There are 2 protein chains.
Amino acid sequence: MEKSKEKGLKLTPQRMVLFHILSEDDRHMTADEIYQKARAEHPMLSPATVYRNMEQLVEAGLLSHLDLGGPSTRYDTNLDDHHHFVCEKCGKVMDVYLKDIRYELDPEKSDLSDVRIDSSQLYLHGVCGECG
Amino acid sequence: MEKSKEKGLKLTPQRMVLFHILSEDDRHMTADEIYQKARAEHPMLSPATVYRNMEQLVEAGLLSHLDLGGPSTRYDTNLDDHHHFVCEKCGKVMDVYLKDIRYELDPEKSDLSDVRIDSSQLYLHGVCGECG
DNA sequence: TAGCATATAAGAATAATTATCACTTGATAA
DNA sequence: TTATCAAGTGATAATTATTCTTATATGCTA
Ligand SMILES: [Mn+2]
Ligand SMILES: [Mn+2]
Ligand SMILES: [Zn+2]
Ligand SMILES: [Zn+2]
C-alpha cells in the first residue's frame, strides 16, 4: 500500500478501499467485481476510478493483467511466477505453480529463430473438483 | 465446407463467402476482420451474421476460439494441436508447434488432485523478428 | 496553509458483441 | 415443380466492458 506512494501515486480514500479489497485476496477478480465490493465501503466510487486505478497499479508493477478468455479483464494480485488452471464449467481460476516447465519446438513446423521470447504462460483447461 | 452440411448447417451464400475468407488462410482473424473482407464479396452481409456463424462453426468443431489478450475474440482455422507466440509490439500471432511439452507441478503450492485437465495451451510472449 | 499536480465523479462516448424479430431461403418431401 | 418449415438473415436495439471528458476536489510539498 505504501508502495503506491513510492510510485508517485497519491494515497486517496478510494485507493485505500481498493487496496483493502485487493488485500483480501480474492484473486483474479474482474474490474467489475472489484467495483461491486468497493462500493460497499465507498458508495460514491465510480467504475472509471476502479479501471483507472487498476491500470495504474499494473503499470506500477503492483498487479498484473490476466488474459484468460472471457469478456472482462482480470487482475492478479499474485506477482509470483505462476500459471493458471481454468474451470470450463464455473470459470474458476486457480493458481498453478510449476517446479519445472520445458518444451521442445518442432523446428520443421515452427521457426522462432528470429523472435525473442520474454515470457511464457501455461493455461490448463478442464473441470474443477466442485464441477467434476 | 461440405463438413458444415454434415453438422446440420445449411449452405447459404453468406456461409460460402465466410468459408472462402477463412480458407484463404489469414489465420487468427477477428470477427471484424472477417466481416470487412467478406463484405467485399457480399456487401449486404451483416456483422451479426459473421458473429453468429463463427460461433456455430466453433460449436461444430470447424474452428476454434483463440483467447489471447486484447479486446476482440480471434478465430483459428488451424485445428492442429498447436500453441501460440504473440508479439507484444505489433500483436502478430504465430503458430507454435511443439514436439514435446512437459511440466511438473509444485505439489506444495498447487493442489490439482481433484481437477480434470482436458487441455493445455502455452502462450509465448515476446518480440517478433520485424519488431525486434 | 497555499499552490498545483494529480485524482475524482458523473456521464457521454466507443467498441465488441448479443438479442430480437419480421422476413427469407435451403433442403426435403409431397 | 410446389409446399412446408426449420434454419438463417439483415436491421436495429440492447448489453457489456471500457475509455474519455470535464468541471470540481483533494493529497502533498514547500
Ligand atoms: Mn494467478
Ligand atoms: Mn493458431
Ligand atoms: Zn468448476
Ligand atoms: Zn511484432
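The chains referred to below are lettered A, B, ... by the order of the sequence lines, with proteins before strands, and numbering in each begins at 1. On a predicted model such as this, the values are computed, not experimentally measured, just so you know.
- Spacing between atom CE of B/Met16 and atom P of C/dT25 amounts to 15 Å, rounded to whole angstrom units.
- B/Arg52 has a side-chain polar atom (N or O) that falls below the 4.0 Å cut-off from OP1 or OP2 of D/dT9.
- At whole-Å resolution of the value, CG in B/Leu9 and P in D/dT9 are 9 Å apart.
- Between B/Tyr75 and B/His65, the ring center distance clears the sub-6.0 Å criterion.
- By the 4.0 Å N-to-carboxylate-O rule, A/Asp76 lies too far from A/Arg74 to be salt-bridged with it.
- Not a single donor-acceptor contact under 3.5 angstrom links the side-chain atoms of B/Arg15 to the base of C/dG26.
- Contact annotation: A/Thr73 reaches the phosphate of D/dT18 (side-chain N/O to OP1 or OP2, under 4.0 Å).
- One atom, CD of A/Glu59, and another, P of D/dT19, lie 11 Å apart when rounded to the nearest Å.
- One can place CG of A/Asp32 at 13 Å from P of D/dT19, the figure rounded to the nearest angstrom.
- Per the geometry, CD belonging to B/Glu33 stands 14 Å off C1' belonging to C/dA15, to the nearest Å.
- OP1 or OP2 of C/dA9 has at least one side-chain nitrogen or oxygen of A/Thr49 nearer than 4.0 Å.
- The shortest distance between the side-chain N/O atoms of B/Gln56 and the OP1/OP2 oxygens of D/dG8 is below 4.0 Å.
- The closest donor-acceptor contact from the side chain of B/Thr77 to the backbone of B/Arg27 lies at 3.5 Å or more, if one exists at all.
- For B/Lys10, the listed nucleotide lying nearest its side chain is D/dA7; candidates were D/dA7, D/dG27, C/dT17.
- The residue among B/Glu55 and B/Pro13 whose nearest nucleotide of DNA chain C is located toward the 5' end is B/Glu55.
- Within the 4.0 Å cut-off from OP1 or OP2 of C/dT18, not a single side-chain nitrogen or oxygen of B/Tyr51 is found.
- Within the 4.0 angstrom heavy-atom criterion, only backbone atoms of the sugar-phosphate kind lie near B/Asn53; the bases stay farther away.
- With C/dA7, D/dG8, C/dA16 as the candidates, the nucleotide lying closest to the side chain of B/Ser72 is C/dA16.
- Classified by interplanar angle (parallel below 30°, tilted 30° to 60°, perpendicular above 60°), the ring pair A/Tyr123/A/His84 is parallel.
- Along DNA chain D, the nucleotide nearest B/Pro47 and the nucleotide nearest B/Thr12 are compared for position; the residue whose nucleotide lies closer to the 5' end is B/Thr12.
- Heavy atoms of other residues, nucleotides or ligands lying less than 6.0 angstrom from CD of A/Glu130 number 12 at most.
- Nearest to the side chain of A/Gln14, among D/dT18, D/dG8, C/dT8, sits C/dT8.
- Distance, B/Leu66 CG to C/dA16 P: 17 Å, rounded to whole Å.
- Checked against C/dT17, D/dT12, C/dG11, the side chain of A/Ala48 finds its nearest nucleotide in C/dG11.
- Across the protein-nucleic acid pair, A/Met54 atom CE and D/dA17 atom P stand 16 Å apart, rounded to whole Å.
- In this entry the distance linking CG of B/Leu11 with P of D/dT9 reads 10 Å, nearest Å.
- Distance from the side chain of B/Leu45 is smallest for D/dG10 among the nucleotides D/dG10, C/dA10, D/dT18.
- A/Arg52 and A/Gln14 share no side-chain donor-acceptor pair at under 3.5 Å.
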